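Okay, structure first, notes after.
These values consider heavy atoms only, across backbone and side chains, with no hydrogens, waters or symmetry-generated copies. Being a predicted model, the structure only gives us computed values, none of them experimental. Just so it is clear: chains get the letters A, B, ... in the order the sequence lines come, proteins before strands, and each one is counted from 1.
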Amino acid sequence: MNHKPVIAIIGPTGVGKTAISLGLADMYKGEIVSADSRLVYRGMNIGTAKPTLAEQKRVRHHLIDVVEPADDWNLAKYQFAAGVAIENSHNRGKIPFLVGGTGQYITAVLEGWTPPPKSQDIDYRSSLETQAQEMGYENLHRRLEIIDPVSAERIDARNVRRVIRALEIHHVTGLPPSQLRIKSPPDFEILKIGLMLPRDQLYARIDARIEEMMEAGWLDEVETLLSLNIPQGAPSMSAIGYAQLAEYLQGDMELDEALAETRRLTRQFIRRQANWFKPDDPSILWFTNDEGVEEEIERCISTWIDTVPTEA
RNA sequence: GCCGAGGUAGCUCAGUUGGUAGAGCACUUGACUGAAAAUCAAGGUGUCACCAGUUCGAUUCUGGUCCUCGGCA
């Protein structure tokens, strides 16, 4: 198979990506490759709005439930696994639908980011974290200026996490990180479908969805996670809502406050997500998710498929 | 009804010894190449309750009015 179609369904949390992509994947013999940094964790179902088991059965899904909440997960692992999933779908003659709300993951896959292999050194990283606390963030940034002025220019000194990552890359590879920001775009035929809704509608949907999650037993889910003794600071437990409900369960916050905080953080998240995919991006076909969108998108996909070069 | 406290940004409040005002949060925008639901940055906002007086000038001082919250009847 030499034509490699990939259909990306993008949009903020709560806009309705899951429902629509399920219908589309059904219709076009697709498989869903999740692009979501929280759906990878087993046992985090309700609060992540993970597709149900029935839904996962209806259409083949990838990159859901692939690690434990205590495990390490990152962009490099995602990119590798997504690459495999996409290739396998193609080999089966299926169209992979890249669906999710993690802009970094989607962009990395579609643009073919190639971060240096094996550039992680957790010990070095934590020693820098200690230094940042003891000597201040300016100190680390000054060091970055010396080894890589280009990165130092791009990264705000106060963004300690990123300054440290840049120093870490240099420490492991011996090269300035700015020279390692390479893209090698994959040879996919890409269609990007964007789903959107006006902010106020989106916010209202989110508020309602949080209520539904609570009724569905979100608290119990968080309680179970707490019983697993996940290490402090594990990315999984930094998920919106999970962190707040954990605080409530540990007696550090009122439930009302935890839920209000969750709504607030979700709204901020929606705005941050919007930075990855802009309404004026000519490579994205945007649709407002109201009555009849699915038909509109189907027409659009059908037309597009006809233009994809096929094997002779 | 009396006594006390107060009315300043969407919210919680600070402040101006008289020169028309500011923090946090909310909200909006942006960055992002191995934590990304993470991390970080930038930004606007006001009849300073109302009316009058003193003053070159009042949100600030004085008087009155209205409203809110306590306490007492």
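- At the heavy-atom level, P177(A) lies nowhere under 4.0 Å from the strands shown.
- Sorted by first and then second residue, the side chain to side chain donor-acceptor pair (under 3.5 Å) pairs involving residues 175-186 of chain A (not counting sequence neighbours) are E111(A)-K183(A), D148(A)-S178(A).
- In this structure, D156(A) reaches the sugar-phosphate backbone alone: every heavy-atom distance under 4.0 Å involves primed, P, OP1 or OP2 atoms, never a base.
- One finds a salt bridge joining E168(A) and R165(A) here, because a Lys/Arg side-chain nitrogen approaches an Asp/Glu carboxylate oxygen to under 4.0 Å.
- Nucleic acid contact for R264(A): sugar-phosphate only, since backbone atoms but no base atoms lie under 4.0 Å from a heavy atom of the residue.
- The interatomic distance linking N74(A) (CG) with G34(B) (P) rounds to 9 Å, in whole Å.
- T48(A) comes within 4.0 angstrom of a base, heavy atoms only.
- Counting any heavy atom pair closer than 4.0 Å across all strands shown, K77(A) reaches no nucleic acid atom.
- Contacts of Y203(A) with the nucleic acid, taken as non-hydrogen atoms under 4.0 Å apart, involve only primed sugar atoms and P, OP1 or OP2.
- At a threshold of 4.0 angstrom between heavy atoms, the contacts of Y105(A) are confined to the sugar-phosphate backbone, with no base atom among them.
- Spacing between atom NZ of K278(A) and atom P of G30(B) amounts to 4 Å, rounded to whole angstrom units.
- The OH-P distance, from Y41(A) to A35(B), rounds to 10 Å in whole Å.
- Residue E261(A) is classed as having no contact, given no heavy-atom separation below 4.0 Å to the nucleic acid.
- Among the protein residues, R267(A) comes within range of the sugar-phosphate backbone only, with heavy atoms under 4.0 Å from sugar or phosphate atoms but none that close to a base.
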Query raised in the report: If you write RNA chain B from 5' to 3' in dot-bracket form, with Watson-Crick or G-U pairs under 3.5 Å, [ ] for crossing pairs and | for pairs with another strand, what do you get?
Result: (((((((..((((.....[..)))).(((((.......))))).....(((((..]....)))))))))))).

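- At a threshold of 4.5 Å between non-hydrogen side-chain atoms, the residues S34(A) and V99(A) do not count as touching.
- Taking only side-chain atoms of S238(A), from C-beta outward, the nucleotide of A37(B), G34(B), A31(B) with the closest atom is A37(B).
- A side-chain donor from one of D281(A) and S283(A) sits under 3.5 Å from a side-chain acceptor of the other.
- Across all strands, G233(A) comes closer than 4.0 Å to no nucleic acid atom at all (heavy-atom distances).
- Classified by interplanar angle (parallel below 30°, tilted 30° to 60°, perpendicular above 60°), the ring pair Y124(A)/H171(A) is parallel.
- Of all non-hydrogen atoms in I230(A) and P69(A), the two that sit nearest each other are CD1-CB, 3.5 Å.
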Requested in this report: List the steps and the verdict of side-chain contact (heavy atoms from CB on, under 4.5 Å) for R125(A) and D121(A).
Outcome: CA-CA 6 Å; R125(A) 191 187 289 185; D121(A) 184 335; over 6 Å; no

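- Proximity note for R158(A) (side chain, C-beta onward) versus G34(B), A35(B), C40(B): the nearest is C40(B).
- The N159(A) side chain lies nearest to A31(B) when the options are A31(B), G34(B), C32(B).
- Between K118(A) atom NZ and U33(B) atom P the separation is 22 Å, expressed in whole Å.
- Nucleic acid contact for D36(A): base, since at least one base atom lies under 4.0 Å from a heavy atom of the residue.
- Toward the 5' end of RNA chain B, the nearer of the two residues T102(A) and I155(A), judged by each one's closest nucleotide, is I155(A).
- In this structure, the CD atom of E257(A) is 15 Å from the P atom of C25(B), given to the nearest Å.
- The aromatic ring centroids of W218(A) and Y242(A) lie less than 6.0 Å from each other.
- Residue R199(A) is in sugar-phosphate contact alone, with no base atom involved, counting any heavy-atom pair closer than 4.0 Å across all strands shown.
- Rounded to a whole Å, the CG atom of L39(A) is 10 Å from the P atom of A37(B).
- Closest contact between the side chain of R125(A) and the listed nucleotides C32(B), A36(B), A35(B) involves A35(B).
- Dashed line: the shortest gap from a side-chain N or O of Q268(A) to OP1 or OP2 of A26(B) is under 4.0 Å.
- Here W73(A) lies in heavy-atom contact (under 4.0 Å) with sugar-phosphate atoms only.
- How far CG of L144(A) is from CG of N139(A): 11.5 Å, rounded to the nearest 0.5 Å.
- Counting to the nearest Å, the P atom of U39(B) and the OH atom of Y137(A) are 17 Å from each other.
- Distance R162(A) CZ to G30(B) P: 16 Å, rounded to the nearest Å.
- Checked by distance alone, E168(A) brings no side-chain donor or acceptor within 3.5 Å of a matching partner on the base of A35(B).
- Counting any heavy atom pair closer than 4.0 Å across all strands shown, S119(A) reaches a base atom.
- One side chain, R38(A) or S238(A), offers a donor N or O that lies under 3.5 Å from an acceptor on the other.
- Residue N275(A) places at least one side-chain N or O under 4.0 Å from the OP1 or OP2 atom of G30(B).
- When each of T114(A) and T13(A) is assigned the nucleotide of RNA chain B bearing its nearest heavy atom, the one mapping closer to the 5' terminus is T114(A).
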